[in-house]
Amino acid sequence: MPSRDDRFAAPASPRLAALRDNCFVGEDRCFVNSLIPIALSSAWDGAFSETGFLAAPSGFAALPDLRAAFDKAARRISPPKEFYRLSVAERRVWLLREALLEHAPLEILPGDLLAGARCNLMLSQCLSKTETKSQSKLTNRKDGLLGALSAFRSEGRGCAGITGGGYMPDYPHLLSVGFQGIQAELKVQLDLLPKKERDCGRGVLLRSMMDACKIPVLLAERYAALCAALAQSEQDEVRKNELLRMADNLAVVPAGPAQDFYQAVQSLWLAHMTLMAEENAAGAQISLGRVDQYLLPYWQKSIRKGMDPALGRDIVGCLLLHCGSVRDAMTGYDGPACMAGEEQTLLLSGLQQETAGSACIDETSELTHVFLDVYGALSGLSGVVPLVALHRRSPEGLIERLGNVLSARPDAPLCVRFTAAGSSEADGQTATPFGPVGKWRAGEAFVQLSKAVELALTHGRGLDVGEDARHKRKRPGPDAEDAATFDSFEGFYAAFQEQMGILIEQAADLTNRATAIRSMFAPAPLASCLIPGCGDSMRDVTGGGAENSVLSIQAAGFATAVDSLLAIRYLTYEQNICTMDTLTAALAADWYGYELLQAAARYRAPKFGRDDPNADALAGRVAADFLMLVAQLPKTALGALPHPGFAGTAGEMRPPFATPDGRNKWDLTCSGFTPGEPVPATALTNSVSALPSENGVLSVALPAWNLSHPEALARFKAFLLGAAGQNGLTLQLTCNEHDLPAEGEPDYDCVPVQEAEPV
Amino acid sequence: MSIRYLGIRRISDTDGPGLRTALVMKGCPLACKWCRVPEGIHRKKQVLWRGERCLRCEDCVSSCAAGALTLGPNGLETDRRRCEGCFSCVSACPSQALLPLGLEATPEALCTLLLRDRAYFGQEGGVTLTGGEALLQEESLALLRLLRAEGVSTAVDTSGMLFPQQFELALPETDLVLYDLKLMDDRLHRNFTGQGNSLILKNFGTAAMWAKGQGRLFVRTPLIPGATDTLENIRAIGQRIAAVESVERWELMAFDQRCGGMYQRLGLRWAYEGLPGISQDRYDLLLDTARETRACPDIRLIGPLR
């Protein structure tokens, strides 16, 4: 039986296979990108900052332990004299430089073609004693941010705050001008300032940004020296030449513009890893953007000049493997797996419209195929997700390539997103599914929609407290009419809508508090250099400098909430199986003693995601109301625009209350649009297509097709083209055998007679 | 005028080429010992009890006007002679522990359901009527006409055990026929399926003639240990296919052992319980033998071990 690698058209080269295999040799790994905590020697200082973890749906409870662990493990560095007289931004630049150049090991992996390895750093915030106290006052005291976030989470309302990354740097600009070019642009801005302002406020920020630009350049110098030293002692002539070429590349980039594909990728990775280090989070999600488009001119130039495409593939593979290594962050630390960091996304293919009204051009190129080909060949690689933009006329070869990738790596994440001519994503080269290049995610919140159902059922109080405590406790939601008094489902729905609005406001408020604290105590000078708008406005990216800044408000547990509303309508208004009081009592008892009612809620009530027009209509209404409520939020004080979305697996939670769809408390809610029970992929995509959403993620498990067979590939293609009408939807595809029915279960749906009527 | 069916299989990859929706119909003139849809053999309505979902509330027992149900220590027992197939027990069960086997709907209503996935059919896919026997119910023709009027490609999966006139009427209403040829030896055919194969072979000739015109004909042979998996049988089927010269594809279907649980739930004995399946080497040999006959351009192995 051939291995999956062998079945793939172009298996990983020996170089990439060896680098990839390093991830699977346990303690013998030659390189682990685990977090390096570094603090200052000042008595009040510590390495750990919660900032990058606040909005992660789980793992919040582990933060105090992580703080203790990292602070204990941290290396202590003595700051220079007069250190605390510098601005916080300048101090952070100093520490980042020290950490990367003096403390993080410089490593060139055997056979690696890209310099730059260790990038997961946990750095002190470099705050003075007074600043530390001020920050602590805002976060740790009784009415501080952490307490408020904790209450928000513990009641199952959702989570809010900031997670690391969530932005897309302007790498195309970096590649064209280099860090020295960016530094020169900042110098122009600095010179525009009146002299008296150059040493304070905006001037200091610009100087710190200019200093930050030097860090990747200095890092490149160190790595160039290392490559040259390794080359001297290298016996193998081929490897020796590779190391010398790497040293030559590092003499050019990232300081200056990239001259060829190899230099462009080297520049990209050094910038990316330095940003990652500045983020101070375990595996921050910083998107590489539309790599196959902005790297294409360099690729073409290099191919014209005689670059072996096999070398190009290996360079791409090294980039992907380095990106994947970001996931090592928590290796060696006891922390929840969810805190190991998020994936690095690559955006591939898509449409481009040169000017308004002109025809859209498909952007699939040879380089698109190279990225997908290498990703498919690197089985076992995690931490990188290609997001491929498709449309109705996407080239057949591209879809076949996707089939090849899934065939080689059926369980690896592969996302496709559908775009159409005229959509915002096709409008200009810089637009992407995440918004324009340079978009900055100021904050992030996940609102648990099923909490709004619970609050609507309980006068805004919640189910998780006894009758006596209810009167003493502060209501998490607004006082609402007794659910038992609603004459119709419409009355209940209005109460749900009101509670949903309050939850959204609460989430936005908490996120704003978190972003305000970050803007005071955690500036990001390097990210500010690569996010458009910061230099011109002379403001740090955390302080509202970005041209495009969003406050992401995501609906979590969407399908659970819709199923709960459907169950309420079915059980209490349509079938009269129980009263609202009985249902509330059942939920308060976590269904204990109400198993028959739970079974009716779970199995008999209609469900979203099954092509049921009535269920889908209610889901559409919930989605539309959510989008409207988020749109009504004002722009934040730091200029971030509230941006709605529907969370996928990122928003999975275990709320501490039972829900009317038959779910027990502490069980997982549905992952975004994806129902808890397996349903045919076509039924699900049909249901989701009825929703008024442009920012949803849907996990789709396709049947266990052998995609190396042409007929199975044709089925895959038919599925993707069938779904291609659903613009804005992101499908996270897997192709596995988990969907096979259990033995003795039919492999067809017994569609009941009453539903077999024309709609 | 309604069609009795078991259910609908969506995004199917075993019911013909492309992405297909299959209507699984109830009732079959054969009773193959290996049948992988045993609930599709009898035309009579049945209920299927799923013990793992049962809450033992006995709502089903009390809802049964015919008194056909009893809930004992071994689970729900159905007196199939008394059961009238009213499905009141199915409606009464709060946990869907009972599945209705034998739903009914008009061709028009079914057509609407079957077209939900038409966006995904692409150039090759469409709707397949399978079963059971797809053409046993005459309302199947009305459904095929409706689907073709919608511009959807149709296929029927048939055992060929039909009256010739009935079969001839059906052919113009479909684009593709998936024709089962199981055993060429009439005596063995009768032993294993309950019926001889003369009618099946006669109708196969009719289908082959039709396929020389505008239709497409695939032959399917289930590979069953000790029954159809002999080299002689495969050679004989291959020769018959080669003789008619109009078969586009011959699919050797790997032995599917996952249906044992369904037999158990229906209270039936599965003749292959505990017996070994077919080894990969044997599959390879059978496929090679089939290919040696040069029966048609495309000969392949499909199913769970493909």
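All of these numbers come straight from a predicted model, not from anything done at the bench. Lettering of chains follows the sequences in order, A, B, ..., and the numbering in each one begins at 1.
Counted within 6.0 Å of CD on B:Q264, heavy atoms from surrounding residues, nucleotides or ligands total 12 or fewer; the atom is thus considered open. Atom CD of B:Q123 sits in a sparse spot, with 12 or fewer heavy atoms from other residues, nucleotides or ligands closer than 6.0 Å.
Between chain A and the options B:A119, B:G122, B:P94, heavy-atom pairs under 4.5 Å are most frequent for B:P94. Heavy-atom pairs under 4.5 Å with chain A were tallied for B:A97, B:S2, B:C93, B:G125; the largest tally goes to B:C93. No other option in A:A683, A:A601, A:A714 has as many heavy-atom pairs under 4.5 Å with chain B as A:A683.
Put simply, the side chain of A:N686 gets close to the backbone of B:R116: a donor and an acceptor are under 3.5 Å apart. A:R715 contributes a side-chain N or O that, together with a main-chain N or O of B:G18, makes up a donor-acceptor pair within less than 3.5 Å.
Distance check: A:T682 OG1 to B:I11 CD1 gives 5.0 Å after rounding to the nearest 0.5 Å. Atom OG of B:S95 and atom CD of A:Q598 lie 10.5 Å apart (nearest 0.5 Å).
You'll find the side chain of A:P746 reaches within 4.5 Å of the side chain of B:L99, heavy atoms only. Proximity of B:R36 to A:D747: side-chain heavy atoms (C-beta onward) are separated by under 4.5 Å at one or more points.
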- Item | Derivation and outcome, side-chain contact (heavy atoms from CB on, under 4.5 Å), residues B:R50 and A:E745 | CA-CA 9 Å; B:R50 301 187 288 180; A:E745 283 288 304; 2.8 Å; yes
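Annotation for A:E711 and B:G16: closest pair OE2-O, 4.2 Å, computed over non-hydrogen atoms. The nearest pair of heavy atoms linking A:A718 to B:Y120 is CB-O, 3.3 Å.
Taking a cutoff of 4.0 Å between a charged side-chain nitrogen and a carboxylate oxygen, A:D611 and B:R10 qualify as a salt bridge.
A donor-acceptor pair shorter than 3.5 Å cannot be found between the side chains of B:S12 and A:Y748.
When heavy atoms are compared at a cutoff of 4.5 Å, B:R53 approaches chain A solely by way of its side chain, counted from C-beta outward. Neither the backbone nor the side chain of A:A712 comes within contact range of chain B; no heavy atom of the residue lies under 4.5 Å from a heavy atom of that chain. Using a 4.5 Å cut-off between heavy atoms, B:E39 touches chain A through its side chain atoms alone. Within the 4.5 angstrom heavy-atom criterion, no atom of B:L266 approaches chain A. Only the side chain of B:R300 comes within contact range of chain A, with heavy atoms under 4.5 Å apart.
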